[in-house]
Visitor: 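Questions regarding the structure given below will be posed in turn.
Within every chain, numbering begins at 1; the chains are lettered A, B, ... in the order of the sequence lines, protein sequences first and strands thereafter. All values derive from a computational prediction rather than experimental measurement.
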Amino acid sequence: MSDTTHNEESIKESISFIEAFIKEDIKAGKVESHVCTRFPPEPNGYLHIGHAKAICMDFGMARKYNGQCNLRFDDTNPTKEDVEYVDSIKEDIHWLGFDWGKNEFFASDYFPRLFDFAKDLISRGLAYVDDQSAAEIAAQKGTPSEPGTESPYRSRSAEECLDLFERMNKGEFAEGSRVLRAKVDMSSPNMHMRDPIIYRIIKTPHHRTGENWKVYPMYDFAHGQSDYFEGITHSLCTLEFEVHRPLYNWFIDQLMDGSYRPRQIEFNRLNLTYTVMSKRKLLQLVEEGYVSGWDDPRMPTIAGMRRRGYTPRSIRNFVDKIGYTKVEAINDVSLLEHSVRDDLNKIAPRVNVVMNPLKVVITNYPEDKVEMMRIINNPEDETAGSREVPFSREIYIEREDFMEDPPKKFFRMGPGREVRIKGAYIVKCEDYKKDPETGEILEVYCTYDPETRSGLPGSNRKVKGLLHYVSVNHCVDVDVRLYDRLFMDVDPLGHKDKDFLEFINPDSLVLKTACKAEPSLMMAKPLDVFQFQRVGYFNVDPDSSSDKLIFNRTVALKDSWGKMQNPK
RNA sequence: UGUCCCAUGGUGUAAUGGCAGCACUCCGGUUUUUGGUACCGUCAGUCAAGGUUCGAGUCCUUGUGGGACAACCA
């Protein structure tokens, strides 16, 4: 017997460039005690699949290197933020399978220290109060290719600045009338270094600190310092912050008292084809009523995906597969859906559901007879057991499983053809009734072969077609709402200046379909996911009222999906 | 007309300077009481030109293409 483990050992683990940096830093002794990362959402919306990528990295590195990952709410702009979002963010991170323990922080916790640091910069001549308007400041900022010019207030005395800054915070001045700026370099080729604004006056109450403050720090003045206060070793963020890094480091240079400094490393943001990822646009969908809320099953939010039946593991696996690089990538949604199917396939019980019923009468089957047929719940998982499904003289099959004049490649029911009814008998189509006006098929008449009942030796006969069914007298109506993803006609990077709402695929709108279900489905609980035979994966919507089940389509099966995309 | 970042099949992602591999997609086949799953296979790639080197996807130079940055957003 050969030992197969050597194969696994010889497969080199491929790690991201970020992890390589972390390993380097550990080796170089730059990490004093343990790796410390942070996930820093602004509580101004729900988390979406893009955040999941950051969460997996931030918490993943901490977990792998026995470190810690702090949850820090970047709540420096009270005009946009709300506690509702704080709660949803925490729930979603937990659901994804990560935990920050006691390490929950708010940038607003650091307002006093940041305020003191700002005053310190003022007294050291490194910050000043500017009385100019936003337009004037912008004009002096120059352009990326031309240097800026210095503000007339740049040389204002520290005493005066200190006094004004304190009074700004007491509410003596109107919003927009004065700002505090860091004195860096107006001619820097990096726009962010041209005397960035670090404090502005905002009189909207803050969701945590109320009316304690009238001035609030800007992102650049809060983020790095917060990292420093918390002992973050690796501050991982997305590519667009790359140009902020020199400023991040500049503030830490002014702040640091020891050798420790956090290191900012940037990686690529997640983009998905046909998927709206911008928080601003998702907010618009919610506010303008295009969807029922942030957790609408069509939304690419974590909450929406949860309600739609995606599993946390499938999202983590997906993130694993797309990797972390510095390339601006557009990931194909089919990889996400593959990850979901891959996971669901192993765990989802199969059920017979007929979406669009066509009645089949088994003419040689006794009128009152009912047989309970035993059907495997999940061929991928023996432990999932089996269930009994009633079979009788009259059954429904899927309307699309019958064709009057079937082409060669059609393996299902047609005049004179034999097909197997799943878990029951092989039947032969003898005749059918058609509406002469509309051409609609009304009923199909079959005969069954009693020797071919599943489990009997006679059932070993090869038959091409296999149809799922429900018994007419035993089935129950349920509502199915076919939620599909919110589609866009364009790639996520290509629609910047257009009104994206135009691109919502009308097929994604809610459908209500009466369908026939087998009794076992009626035991379902909210969020349970099933595979509807040959149709797709569906889950019970948590919003279902007690007397009726509503299903969300999680993902379609592979082939049906293609059919939906290109209906003939 | 600035600074910074990036460039590997259709898509995403690997390769101490040493045989360009993996996954998804598409297409084809085998198995199957799901047109599902599983398994097998086909097609398909290092942006360009120089240079260093025994040897370059990798290092250097130049070019080309894409992106970020001119919010009192994060």
Visitor: When you measure from the centre of the six-membered ring of A:Y324, is the NZ or CZ of A:K53 closer than 6.0 Å and no more than 45° off the axis?
Guide: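 Yes, cation above the ring, under 6.0 Å and within 45°.
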Visitor: For A:W250 and B:U3, what is the distance between atoms CH2 and P respectively, to the nearest whole Å?
Guide: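 Result: 23 Å.
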Visitor: Choosing from B:G36, B:C73, B:U25, which nucleotide comes nearest the side chain of A:K80?
Guide: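 Per side-chain heavy atoms of A:K80, the pick is B:C73.
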Visitor: Can you tell which of B:A68, B:A14, B:G12 lies closest to the side chain of A:I322?
Guide: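 Closest nucleotide among those given: B:G12.
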Visitor: Rounded to whole angstrom, note down the C1' distance from B:C22 over to B:C59.
Guide: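 Result for the C1' pair: 26 Å, nearest Å.
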Visitor: Looking for any heavy atom pair under 4.0 Å, which part of the strands does A:S187 touch: base, sugar-phosphate only, or nothing?
Guide: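 Touches nothing.
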Visitor: The side chain of A:T325 is closest to which nucleotide in this list: B:U33, B:U13, B:C72?
Guide: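 Nearest to the side chain of A:T325 among the choices is B:U13.
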Visitor: Does the ring of A:Y537 carry A:R341 above it, NZ/CZ under 6.0 angstrom from centre and within 45° of its axis?
Guide: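 Negative - A:R341 is either too far from the ring of A:Y537 or too far off its axis.
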Visitor: Which nucleotide in the set B:C6, B:G67, B:U32 lies at the smallest distance from any side-chain heavy atom of A:E328?
Guide: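 Nucleotide nearest to A:E328's side chain: B:G67.
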Visitor: In the strands shown, is B:G55 matched to any nucleotide by a Watson-Crick or G-U wobble pair with both distances under 3.5 Å, and which?
Guide: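 In the structure as shown, B:G55 has no Watson-Crick or wobble partner.
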Visitor: At 4.0 Å (heavy atoms only), tell me whether A:T76 reaches a base, stays on the sugar-phosphate, or touches nothing.
Guide: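 It contacts sugar-phosphate atoms only.
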Visitor: Sticking with atom P, work out how far B:C39 lies from B:C5, rounded to a whole angstrom.
Guide: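 Nearest-Å result for B:C39 against B:C5 at atom P: 42 Å.
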Visitor: Tell me whether the OP1 or OP2 atom of B:U33 has a side-chain N or O from A:R420 closer than 4.0 Å.
Guide: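 No.
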Visitor: Should A:N77 be listed as having a side-chain N or O under 4.0 Å from OP1 or OP2 of B:C72?
Guide: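 Negative; the distance criterion is not met.
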Visitor: Does a side-chain N or O of A:R341 approach OP1 or OP2 of B:U25 to a distance below 4.0 Å, or not?
Guide: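 Answer is yes, contact under 4.0 Å.
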Visitor: Of all the nucleotides listed (B:G12, B:U1, B:C24), which has the minimum atom distance to the side chain of A:A329?
Guide: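 Closest nucleotide to the A:A329 side chain: B:G12.
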Visitor: Sticking with atom C1', work out how far B:C69 lies from B:A74, rounded to a whole angstrom.
Guide: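 Nearest-Å result for B:C69 against B:A74 at atom C1': 15 Å.
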Visitor: Could you tell me how far B:A44 sits from B:A70 if I compare only their P atoms? Round to whole Å.
Guide: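 Going atom to atom, P in each nucleotide, I get 44 Å.
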Visitor: Using atom C1' of each nucleotide, how far apart are B:G17 and B:C60 to the nearest Å?
Guide: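 It comes out at 13 Å once rounded to the nearest Å.
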Visitor: Hey, does A:Y216 reach any base, or is it just sugar-phosphate, or nothing, if we go heavy atoms under 4.0 Å?
Guide: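 It contacts nothing in the nucleic acid.
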Visitor: Consider the side chain of A:S454, meaning its heavy atoms from C-beta on, and name the nucleotide among B:U33, B:G2, B:A74 that approaches it most closely.
Guide: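 Within the option list, the nearest is B:U33.
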Visitor: Of the nucleotides B:C24, B:U33, B:C72, which has the atom closest to the A:V179 side chain?
Guide: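 It is B:C72.
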Visitor: Rounded to whole Å, please give me the gap between CG in A:L283 and C1' in B:A74.
Guide: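 Answer to the nearest Å: 15 Å.
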Visitor: For B:A38 and B:C6, measure between their P atoms and round to the nearest Å.
Guide: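 That atom pair is separated by 37 Å.
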Visitor: From B:G36, B:U13, B:A74, pick the nucleotide closest to the side chain of A:L557?
Guide: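 Looking only at side-chain atoms, A:L557 lies closest to B:G36.
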Visitor: Side chains of A:F115 and A:V215, heavy atoms from C-beta outward: is any pair under 4.5 Å?
Guide: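 Sidechains of A:V215 and A:F115: in contact.
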Visitor: Nearest whole angstrom, please: distance from the P of B:A70 to the CD of A:E136.
Guide: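 Roughly 20 Å, once rounded to whole Å.
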Visitor: Whole angstrom is fine here: how far is it from CD1 in A:I15 over to P in B:U16?
Guide: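 To the nearest whole Å, that distance equals 11 Å.
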Visitor: Look at the side chain of A:K326 and decide which nucleotide, out of B:C5, B:U3, B:C72, has an atom nearest to it.
Guide: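 The answer is B:C5, which lies nearest to the side chain.
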Visitor: May I ask you to say what A:E175 touches in the nucleic acid, namely base, sugar-phosphate or nothing, with a heavy-atom cut-off under 4.0 Å?
Guide: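 If one applies the 4.0 Å heavy-atom cut-off, A:E175 turns out to touch nothing in the nucleic acid.
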Visitor: Determine the interatomic distance between P on B:U53 and the same-named atom on B:U58; round to the nearest Å.
Guide: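 Taking atom P in both B:U53 and B:U58, they lie 16 Å apart.
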Visitor: Closest nucleotide of RNA chain B for A:N345 versus for A:D75: which of these residues is on the 5' side?
Guide: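 Looking at the nearest nucleotide for each, A:N345 comes out on the 5' side.
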Visitor: Is a donor from one side chain sitting under 3.5 angstrom from an acceptor on the other, for A:E380 and A:N378?
Guide: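 No, A:N378 and A:E380 have no side-chain donor paired with an acceptor closer than 3.5 Å.
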Visitor: Expressed as a whole number of angstroms, how long is the span from A:N352:CG to B:U33:P?
Guide: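 Distance, rounded to whole Å: 16 Å.
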Visitor: So A:F318, base contact, sugar-phosphate only, or nothing? Heavy-atom distance under 4.0 Å.
Guide: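 Here A:F318 touches no strand at all.
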Visitor: Tell me what A:P379 touches on the nucleic acid: a base, only sugar-phosphate, or nothing, going by heavy atoms under 4.0 Å.
Guide: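 It contacts base atoms.
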Visitor: At under 4.0 Å between heavy atoms, what does A:E398 touch on the DNA or RNA strands: base, sugar-phosphate, or nothing?
Guide: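 Answer is nothing: A:E398 stays at 4.0 Å or more from every strand.
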Visitor: Hey, does A:E242 reach any base, or is it just sugar-phosphate, or nothing, if we go heavy atoms under 4.0 Å?
Guide: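 Result for A:E242 = sugar-phosphate.
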Visitor: List in chain and number order the residues that pass salt bridge (charged side-chain N to carboxylate O under 4.0 Å, His left out) with A:R181, two or more places apart in sequence or in another chain; answer none if no residue qualifies.
Guide: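 Per chain and number, A:R181 pairs via salt bridge (charged side-chain N to carboxylate O under 4.0 Å, His left out) with A:D130.
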Visitor: Among A:Y110, A:F221, A:Y199, A:F111, which residue meets the ring pair (Phe, Tyr, Trp, His ring centres under 6.0 Å) test with A:Y216?
Guide: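 Checked A:Y110, A:F221, A:Y199, A:F111 against A:Y216; only one passes ring pair (Phe, Tyr, Trp, His ring centres under 6.0 Å): A:F111.
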Visitor: Is B:G9 paired to anything, Watson-Crick or G-U wobble with both distances less than 3.5 Å, and if yes, which nucleotide?
Guide: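 When the pairing criteria are applied, nothing turns out to pair with B:G9, so the answer is none.
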Visitor: Taking the minimum atom-to-atom distance to the side chain of A:R200, which one of B:G35, B:A74, B:C24 wins?
Guide: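 Closest of the options to the side chain of A:R200: B:A74.
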Visitor: A:F21 ring centre to A:R263 NZ or CZ under 6.0 Å, with the angle to the axis within 45°?
Guide: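 Pair A:R263/A:F21 counts as cation-pi.
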Visitor: Rounding to an integer number of Å, can you tell me how far A:L247 CG sits from B:A74 C1'?
Guide: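 Rounded to the whole Å, the gap is 14 Å.
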Visitor: Here's a test for you: under salt bridge (Lys or Arg N to Asp or Glu O under 4.0 Å), which of A:R461, A:R412, A:K462 qualifies with A:E418?
Guide: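 Of A:R461, A:R412, A:K462, salt bridge (Lys or Arg N to Asp or Glu O under 4.0 Å) with A:E418 is met by A:R461 alone.
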Visitor: Check whether any side-chain N or O of A:T143 sits under 4.0 Å from OP1 or OP2 of B:G2, and answer yes or no.
Guide: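 For B:G2, neither OP1 nor OP2 has a side-chain N or O of A:T143 closer than 4.0 Å.
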Visitor: So, OP1 or OP2 of B:C24: does either fall under 4.0 Å of a side-chain N or O from A:H338?
Guide: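 Yes, such a contact exists.
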Visitor: Using a heavy-atom cut-off of 4.0 Å across all strands, would you classify A:D332 as base, sugar-phosphate, or nothing?
Guide: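 A:D332: backbone/sugar contact only, no base atoms under 4.0 Å.
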Visitor: Between A:N539 and A:F530, is any pair of side-chain heavy atoms under 4.5 Å apart?
Guide: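 With C-beta onward as the side chain, the pair stays apart.
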Visitor: What is the nucleic acid contact for A:K462, judged by heavy atoms within less than 4.0 Å: base, sugar-phosphate only, or nothing?
Guide: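 The answer is sugar-phosphate, as A:K462 gets under 4.0 Å only of primed atoms, P, OP1 or OP2.
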Visitor: Send over the distance from A:D342 CG to B:A38 P, rounded to a whole Å.
Guide: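 That distance rounds to 7 Å.
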Visitor: Sort out the partner of B:C4 for me: Watson-Crick or G-U wobble, both distances under 3.5 Å, none otherwise.
Guide: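 Across all strands, the one nucleotide that pairs with B:C4 is B:G67.
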Visitor: Write down the distance separating the P atoms in B:U46 and B:U33, rounded off to the nearest Å.
Guide: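 It comes out at 44 Å once rounded to the nearest Å.
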Visitor: Between A:Y228 and A:P262, which heavy-atom pair has the shortest distance, and what is it?
Guide: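 Where A:Y228 meets A:P262 most closely, the heavy atoms are CD1-CD, 4.0 Å.
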Visitor: In the structure shown, which nucleotide is the Watson-Crick or G-U wobble counterpart of B:C72, with both distances under 3.5 Å?
Guide: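 Pairing partner: none.
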Visitor: Between A:E380 and A:D220, which has a closest nucleotide on RNA chain B that is more 5'?
Guide: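 Nearest nucleotide further toward 5': that of A:E380.
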Visitor: Can you tell me the distance, in whole Å, between the CD atom of A:E240 and the P atom of B:U3?
Guide: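 The distance from CD of A:E240 to P of B:U3 comes to 22 Å, rounded to the nearest Å.
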Visitor: Does A:H244 reach a base, just sugar-phosphate, or nothing at all? Heavy atoms under 4.0 Å.
Guide: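 A:H244: base contact, heavy atoms under 4.0 Å.
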